[in-house]
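Every chain is numbered from 1 and lettered A, B, ... according to where its sequence line falls, protein lines coming before strand lines. Source: prediction; values computed, not measured.
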Number of protein chains: 2
Amino acid sequence: MTGKTPRRAVTIKDVAAAANVSRATAARALNGYGYAGEAVVKRVAAAAAQLGYRGNRVAQALRQGQMPIIGFVPGDIQNPFFARIAHDIDGQLRGSHHNLIIASSEESETQEQELLESLRTLNLRGLIVAPASSGENAHLHRLVAEHYPLVLVDRVVPDLPCDTVSVDNAGGAQEAVTYLIRHGHRRIGVIHDESRIVTAQERLAGYRKALVDAGLPVKPELMVVSQSTVEHAIDATIRLFNQRERPTALFTLDSLMTTGALLGLRTMGLQVPQDVSLVGFDDFAFATFTDPQITVVSQPVGKIGALAVRMLMDRISGHDGPPRHTRFPTKLIVRGSVAHVANP
Amino acid sequence: MTGKTPRRAVTIKDVAAAANVSRATAARALNGYGYAGEAVVKRVAAAAAQLGYRGNRVAQALRQGQMPIIGFVPGDIQNPFFARIAHDIDGQLRGSHHNLIIASSEESETQEQELLESLRTLNLRGLIVAPASSGENAHLHRLVAEHYPLVLVDRVVPDLPCDTVSVDNAGGAQEAVTYLIRHGHRRIGVIHDESRIVTAQERLAGYRKALVDAGLPVKPELMVVSQSTVEHAIDATIRLFNQRERPTALFTLDSLMTTGALLGLRTMGLQVPQDVSLVGFDDFAFATFTDPQITVVSQPVGKIGALAVRMLMDRISGHDGPPRHTRFPTKLIVRGSVAHVANP
DNA sequence: ACAGCATGTGAGATCGGTCTCCTAGTGGTT
DNA sequence: AACCACTAGGAGACCGATCTCACATGCTGT
């Protein structure tokens, strides 16, 4: 060990020289295409093994026009929902000799744009994106226009002609709120975020529809805005329940907000479900951990990543049909956080 | 829209042609090195903007020998601890024009090997790894021997000469168990995994040391093995507490096991801290969520990723000193899950 | 007027593979 | 003996960007 080996990788040229053949022949022998004599194949393989040849995927990618990599741009990798999807994508990809590159947009539109731009120039095979915004999204439209393989997960952008995998947010929310109404609740609060994010919009729409269908008024004072973090949700909950006429029930739009609501209610000394009934969108590990356990709208998280990959691979291998949209149904999981209230 | 635009990217050749200069000049104008006339620079810039030129990072990478990407190989991206670190790495990397590629080893040694092999051939700038095993790790040794920039996080491999960022697992565990001993506990159970993973080994060593230092026996029947999942930890807890002479306290080696222990104890009808005192390694969102809140050994998670990136960047930019090892101290966060017991 | 220098630009090599095209040798057929 | 089919392997183009080198200006100083 002389200490500083300047780390020069073994190239196919080295292998060819060692096996005493040309680069072309070495490549043929290693990759098993075209004609290659048995003796030569053996010699080349031996030389490659001996030198520890590993090929250079960058060079291969340049020649072939793309990298055997697909990109995933979630809203936030720390969100267990996206972590799970990332995990599933990774699993589904394994074996197809593709790597996964994860780059979180941190729910920032501009960051998302930069990331997509950056990933595009890497010549990835395709992208799976959960767009941070439902707004303009010119960058996504551009990708689609270029026929760049793209699948949207969780968040659907209206009018963007590409494959999507999502869940029935409106339906799930509607079911949850209807369930509360059936238990006699009339003043049902909701914590939602500013709803640049499509899923939040859809869930809020479901909340509205449930009320309207039941002939109940949609009251602005029952709808408080919060960012999707535990801390902000705590504040929002306290604001909501500090009103003169309190809600008797609360619906939260994602698991972080559900957590925040729970903590906020506890801070205020309000008991679930005696004082307040609670239903949250999105099941989460600790919903069964509390006392009482929380009633939630659960999404089939485990199916989303796998299906997205299948759709993407389909596109990559040339499928050129019209955009396909899959919406998984949600399921109301009844636990113990909702109580009946009497109506005067 | 004819429908099928075969997506041919704009190359520098196109830009050069449009600006009526040579490729070399176009490159100079765009990258601002060497001489370039003002008028030409403008013309080229205009042409590039007009055509939507974006450069091809694969080609650049081939020419320059490496990709502006660093890789992160965590044990499990679904583990909030690693998700947080991934998030921090990403943040720290942003602005230095590097992308992050995350590829989870799923705690499998062979998968880790394949991933590293695969990432190596992508000519990444460097790697941040949390090795799945403390065993042989020939693949890691090979990387180090090749002077491939490598930083280990969370899990230190003995004798591997590379930079590491970890926490004081032994010390933290020792502090936790000593804390239990001071509260009068003599039969202290521990749930640990098979400990291929270094952190688990170190934490278990801390448990042992605390007992030995206090002159207490280390009893095998108080140490149960469980995989690091909630489900397995529930089983392990039940096994542990089904013994004739029950432990009065329990120490768990990570947050998933703490969760499992809590659920297991609840199933058995045992109250924390009245029947059993509990301390967990690693703080987690829901430790403050339970009643009582859980006393834990917390790690400075937020510092690990950022420091790892700084160390890695340092190596990438040529630093060639001896391996540096940072161990962050842990902190015992006292909440309400430990009670005093009287000793006969 | 001409050397000497700073400046601007193009031709072509290069990175490490892949792949097309071409040549050469072998064996079989007529 | 002439021809063809087929196998084996080499030469060199190519992917897209960068960079060295050479060349062509125009300007200054003597």
Heavy-atom check, side chain of A/N137 versus side chain of A/E112, under 4.5 Å: yes
Interatomic distance, A/K13 NZ vs C/dC15 P [rounded to whole Å]: 6 Å
A/S134 side chain vs A/V157 backbone, donor-acceptor pair below 3.5 Å: no
Atom-pair distance (CG on A/N56; P on D/dC15), nearest Å: 18 Å
Given D/dA17, D/dC19, C/dG17, the nucleotide with the shortest approach to the side chain of A/T11: C/dG17
Salt-bridge present (A/D88, A/R84; N to O < 4.0 Å): yes
Sugar-phosphate, base or nothing in reach of A/V44, heavy atoms under 4.0 Å: nothing
Interatomic distance where CE belongs to A/M67 and C1' belongs to C/dG16 [whole Å]: 13 Å
B/S/- contact track for nucleotides 8-13 of chain C, protein heavy atom under 4.0 Å: BBBB-B
Ignoring hydrogens and angles, write down the donor-acceptor pairs under 3.5 Å from the side chains of residues 95-109 of chain B, residues two or more places apart or on other chains.
residue, atom, partner, partner atom, Å
B/S96, OG, B/L93, O, 2.6
B/S96, OG, B/H98, ND1, 3.4
B/H98, ND1, B/S96, O, 2.7
B/N99, OD1, A/S118, OG, 2.8
B/N99, OD1, B/R57, NH2, 2.5
B/S104, OG, B/E106, N, 3.2
B/S104, OG, B/E106, OE2, 2.9
B/S105, OG, B/P74, O, 3.3
B/S105, OG, B/E107, N, 3.3
B/E106, OE1, A/H87, NE2, 2.7
B/E107, OE1, B/R155, NH1, 3.0
B/E107, OE2, B/R155, NH2, 2.9
B/S108, OG, B/T110, N, 3.4
B/S108, OG, B/T110, OG1, 3.2
B/S108, OG, B/Q111, N, 3.0
B/E109, OE2, B/S133, OG, 3.4

Atom pair distance, as rounded to whole Å: CD1 in B/I12 and C1' in D/dA17: 6 Å
Heavy atoms of other groups near B/Q50 CD, more than 12 under 6.0 Å: no
Phosphate OP1/OP2 of C/dG17: any A/Y53 side-chain N/O under 4.0 Å: yes
Check: A/L124 main-chain N/O paired with A/Y148 side-chain donor or acceptor under 3.5 Å: yes
Sugar-phosphate only, base, or nothing, as touched by A/G65 at under 4.0 Å among non-hydrogen atoms: nothing
Check: A/Y33 main-chain N/O paired with A/R28 side-chain donor or acceptor under 3.5 Å: no
Length of the line joining A/L51:CG and C/dG17:P, which is rounded to integer Å: 12 Å
Distance, rounded to the nearest Å, where A/Y33 contributes OH and D/dA8 contributes P: 15 Å
Integer-rounded Å distance: D/dG16 C1' and B/D14 CG: 11 Å
Separation of atom CD in B/Q60 from atom C1' in C/dT14, rounded to whole Å: 15 Å
